[in-house]
Structure formats: structure tokens, C-alpha cells
Amino acid sequence: MSMYGRDPWGGPLEICHDSATDDDRSRNLDLDRGALSRTLDETQQSWLLAGPGDQGRKKKKYVDLGCLVVSRKLFMWTVGVVLAAAVFAGLVAGIAKAIPKHHRPPPPPDDFTVALSKALMFFNAQKSGKLPKHINVPWRGNSCMKDGLSDPAVRRSLVGGYYDAGDAVKFNFPAAFSMTLLSWSVIEYSAKYEAVGELGHIRDTIKWGADYFLKTFNSTADTIDRVVMQVGSGATSPGSTQPNDHYCWMRPEDIDYPRPVVECHACSDLAAEMAAALAAASIVFKDNKAYSQKLVHGATTLFKFARQNRGRYSAGGSDAAKFYNSTSYWDEFVWGGAWMYLATGNSSYLQLATHPKLAKHAGAYWGGPDYGVFSWDNKLTGAQVLLSRLRLFLSPGYPYEEILRTFHNQTSIIMCSYLPIFKSFNRTKGGLIQLNHGRPQPLQYVVTAAFLASLYSDYLEAADTPGWYCGPHFYPIETLRSFARTQIEYILGKNPLKMSYVVGYGNRYPKRVHHRGASIPKNGVHYGCKGGWKWRDTKKPNPNIIVGAMVAGPDHHDGFKDVRKNYNYTEATLAGNAGLVAALVALSGEGHGVDKNTMFSAVPPMFPSPPPPPAPWKP
């Protein structure tokens, strides 16, 4: 029987039905007649004739890797080469580790960094009270351990703080300014301080001053009626032989005469500056919440006292009037108010600091010969720069924008006045700017100007602003840095006398600094009030080097007299050295700008209020 179907290849497809059984078909498949008729070659015949053992030996010549069959001999060679290479690589690595490495030494620190480390040492030499072990000033020791306790009108400890200059008086007004300035430099340049290993040192320096200020008033109270303004006496009445810190010439460790405490009950300038110092320090120590809050509380109490008890601390012919006379307290209100706002975020302080009438009283609009000079007496310039920072980085808008824009424009004008092309200030032939118009002790004003110029240039750079305008002329920010750099380089030795005015820096520096502790040897001999006069009057160099002290500086002819008794040339002060430290850290290193955010750590997000609607339209 057959069936025909369609062959897919074009012919008929026949499907046959075979009646043979499956067993028959199986037997037929066992025998392939075509295969039997085909002739085998020699290799095939050898496979058929070989025994079971021979086939196993042939198969072992190859290695089956699954996807690849390779010669066993080639496989063994490959494995051996890989193992040998691994052993060789390990041997080379071991030898490389055993050979001592010669790293390229880091580049030496720049001149500003070297000078910075030395300038900070001056504050160690000025510490009063029980000294810490790490002070690194071998000729200093504990001193004036009865301050405050020995005054029957006070009867509380005022131990600690800093001696102002070459004497042993503790003036709170310039000391507070010094601590504010140091804190400002840390807030802006903490990364630089840390990079050179001085962050801990500068923080200790600030804390030493802040801890003392907290002793000088009732810092736990919300309201006070007095503040200590001075410990020690510097009165030098003609013909007076009363032992005090100016008449006597003796080491602070040997002082045995009475040290009176002077308090004030109406001293807005002093209290506002001390408030600024504590407020700025609270930002420096924001990582220590309890201590930072303690500083903020003290600052709040002081600023409240300053506002409620108006008056100049130096009024009435006191010692302060002779040595650190304050001309006004309005600039301290602007300056202190700005720092209080930054420390607390309380907008009432910003409203005060930006009040147009306050700015007018502080002299923001009338100029004058000392306009743009930043010092322990005049804080307006510093406040203008600080508030310009607020506008550049936060842009608080209405209602502060108008006065902040005014301060910003005034800051630009001040920066223009520092440039040689403008004639606001004279210069010596050696290039030193005369910010105090040829009067003695010029360097303390030069360093603060250098700090502000360098800082403001960093502000502009951080705000992606390449420069600023002086009238129709545009100046790049490098112009400001060049001004700051050349002024500090003058102080460090690039001057006609080739003399460094920072003790211990360079090969030539003043050897007869007007400083009691540095001029009297620590030889176990107690030199009394008049006993130290011989060390004051000798022409020999000081036996102790007060490292980092920036002296008062040269005269307006670039001349300098290294004479111990002439303090207008050779005396160093806290305020002067604070400005020097701030300027040096601003100029030191490369690639580190200002820290934009830390300053505003206590300031809440600002949502500017909309301006008032326009007046109704009238036809």
C-alpha cells in the first residue's frame, strides 16, 4: 500500500507502509553495508587494532578545557610560565618595599608662614597669671597672682589676661580689639592655620584672653552696672616716685607693689568692644557648645550695658586717656552690633548696626584724615568690610540693602585710598604707607590695612568678582594683594635699612626692645623697682629675645633707632601684633581662600521682606 504526497523538493513523495517488524529493522541497522565496502586508512586501522590501554595513552596527550582542546605539553608550559611570572612579580614587589623610599621633601614654607609662627609667640610672652607648661618662653614665669584680690575695693580674682606692651598694665580696651581681630582671622582662615600647625596655638591664645574678660564683669548676670577696664597703673606724674608699672622697671614675676583695679560705670566703647571680642570668639569655639554659649551670654550682657550706660571709657583724665584714649563709641556700636548679629542671628543687632543715624555718628559719611584707618580706636573701617561681606555672600535685601550697599561702596573707596596712585596717604621713600600721617608708631596701622586689603580681595574672589572700580578705572584684585604684600615685606626686611621689624625674623632685627621682661635676665636675682633701671638704661642688647614682637616701627624718613628707652621705635603692643598675625595668615600659603560659611553658622536663613508698596497714585 502506498500513499503519494507532495515532495517539498519538487517531486512526488511516497510514503510506504512496511510490514516488517521493529526487530527486523533493528537487525538491518546493525550492519552498514556501505561502511563495509569502504577502505580504511592506516590511522583508522590503528584505532581499530589498538587495545584499550593504547587508546588511554593517546588521549592523555591532550587536555580538554571544555570549550577548547589543547596539547597537554603546551598547557603545562603555559601554567609554568604563569606561575614563574607570579613568583617573579612577588619577588620584585618585596624588594621594592625593602628599599627605603626617598619622598620629595615638601616645599619650604613661604616667608609669611615663617613670620606667622614667630608672631604668635609674642602673645605667649605677654601672658599674665599662672602660665601653662607649653608656653615655650623660658624666661617667663607665673606673675601677678594676686591681681584683683589685693585691691580692697574689688576682692575677686583678676588673674590672667595679657600685659599690653613692655610694661605690666592690663588695658582691656586694646586687648579686646586684639582678641576680636585674632578671632576674625581664625574664622576666615582656619584652614591656613591648620595647614601650618598653628590652629591650636591661635585658639589657645584667644581663649586665654576671653577667659580673662569673663572675669572682669559678672558674666553670669543678665544686667550689670560696672566693668573692669584696667589692672595696674601707668601714671607718670612729674616728680612722682610712687611705685607703679611705669615708674618701676622690673620683671612681672618680681612685682611687689600694689596694682590697683580701675572700673567704669559708663563706658560704651569698652563694653561694646569686649562684647565684639566674646561674640567673635564664640564663633571660633562653636565646636564647644557650652563654652560658645557662655561667651555669647557674656557678650549679650556687655552689649546691653554698653547701650544703656552711655559714655567714653577714657573720659575724665584717667590712665586710659593718656595711653589709649577713645575718641567715640559710635564706631564700637556698629562694630559690636555686627559681631553680635553674626554670633546670635538676632536681627535686632543687624538693624542697629545698619541704622543710618548710627553710621552717620560713627563718621561713615564725613571722611576725615583718618578715614580708612583701622585701629584699636577706630573700628568703623573694619565694620564696613565685615558688613560688605554680609552683602556679598548673603544679600539680605530689604530693609538692609541700601545701607549695606553704602558700606560696600565706602569699602571700595577705602581700598582705592590704599593704592599708590591715589594721594590719600603719603609714603616713605622706602614705600611704607603713612596711615597715621607721619606720627610715631606707624606699623600697627599698616598691618591692619594690609589685612583688610588682602581679606577684601579674597571676598571679591569668592564672590566671582575680578576686581573693583575706583571712579572710572577698574582694578583687579591682585592690585590689593600686591599692596598688602609689599607693606608686609617692608616690615619683614625689604626696606632701606634691610632690617626686619619682627624680632627673631631674619638676620637683622631690633635687639633692644622696650620690654621689661625681655631686658632683665632671669638669673635668680630679684631686681626691685629701681633695681631694674640699670637694665633699662644699658646699651647692651636684651638678654632675652622676645620672639615675634613687632616693634613700633621706623619714622617717616625710614629711619629707626634701636634704643630701649625710646618706645616710639622699639615698643611692641598686643594690638600691633594682632594685626600682624591677621595680615600674615591672609597672605600666607596658596590655594586657601576665605571660609564663606563659618561666619554665618549662627545666622538663620534670610528671606528678605518685600519693600513697601508705592504711594497711591493721584491724578
How many angstroms lie between [atom1] in [X] and [atom2] in [Y], if you round to the nearest 0.5 Å?
| X | Y | atom1 | atom2 | result |
| --- | --- | --- | --- | --- |
| Arg439 | His437 | CZ | NE2 | 6.0 Å |
| Asp377 | Leu380 | CG | CG | 11.5 Å |
| Asn172 | Tyr162 | CG | OH | 13.0 Å |
| Leu392 | Leu390 | CG | CG | 9.0 Å |
| Cys144 | Lys127 | SG | NZ | 15.5 Å |

Would you mind checking if [Y] and [X] are paired as a salt bridge, meaning a charged N to carboxylate O distance below 4.0 Å?
| X | Y | value |
| --- | --- | --- |
| Asp204 | Lys207 | no |
| Arg512 | Asp562 | yes |
| Glu571 | Arg564 | no |
| Arg516 | Asp167 | no |
| Glu198 | Lys192 | no |
| Asp555 | Lys429 | no |

Determine whether a donor-acceptor pair (N or O, by modelled atom type, separation under 3.5 Å) exists between the side chain of [X] and the backbone of [Y].
| X | Y | value |
| --- | --- | --- |
| Ser388 | Gln384 | yes |
| Asn142 | Leu131 | yes |
| His514 | Thr570 | no |
| Lys565 | Asp537 | no |
| Thr538 | Trp535 | no |

With distance as the sole criterion, is a donor-acceptor pair present between the side chains of [X] and [Y] under 3.5 Å?
| X | Y | result |
| --- | --- | --- |
| Arg481 | Ser454 | no |
| Ser233 | Asn244 | no |
| Asn436 | Gln441 | no |
| Asn495 | Tyr501 | no |
| Tyr212 | Ser128 | no |
| Asn325 | Tyr313 | no |
| Tyr163 | Ser143 | yes |
| Thr428 | Asp558 | yes |
| Ser375 | Asn378 | no |

Write out all pairs satisfying salt bridge (charged side-chain N to carboxylate O under 4.0 Å, His left out) with one or both partners inside residues 169-188, taking only residues at least two apart or from two chains.
Asp147-Lys170, Glu188-Arg389

Donor-acceptor pairs under 3.5 angstrom involving side-chain atoms of residues 442-450: please list them, not counting sequence neighbours.
residue: Gln444; atom: OE1; partner: Trp376; partner atom: NE1; Å: 3.4
residue: Thr448; atom: OG1; partner: Phe374; partner atom: O; Å: 2.7
residue: Thr448; atom: OG1; partner: Tyr445; partner atom: O; Å: 3.0

Validate the cation-pi geometry between Lys289 and Tyr291: distance from NZ or CZ to the six-membered ring centre under 6.0 Å, angle to the ring axis within 45°.
no

Is Lys561 close enough and on-axis enough to Tyr569, meaning under 6.0 Å and within 45°, for cation-pi?
no

Can you give me the closest heavy-atom contact between Met415 and Tyr456, atom names plus distance?
CG-CD2, 3.6 Å

In this structure, is the centre-to-centre distance between the rings of Phe173 and Phe177 below 6.0 Å?
no

By side chain to side chain contact (heavy atoms under 4.5 Å, CB included), Asn523 pairs with (sequence neighbours left out) Pro521, Val525, Tyr527

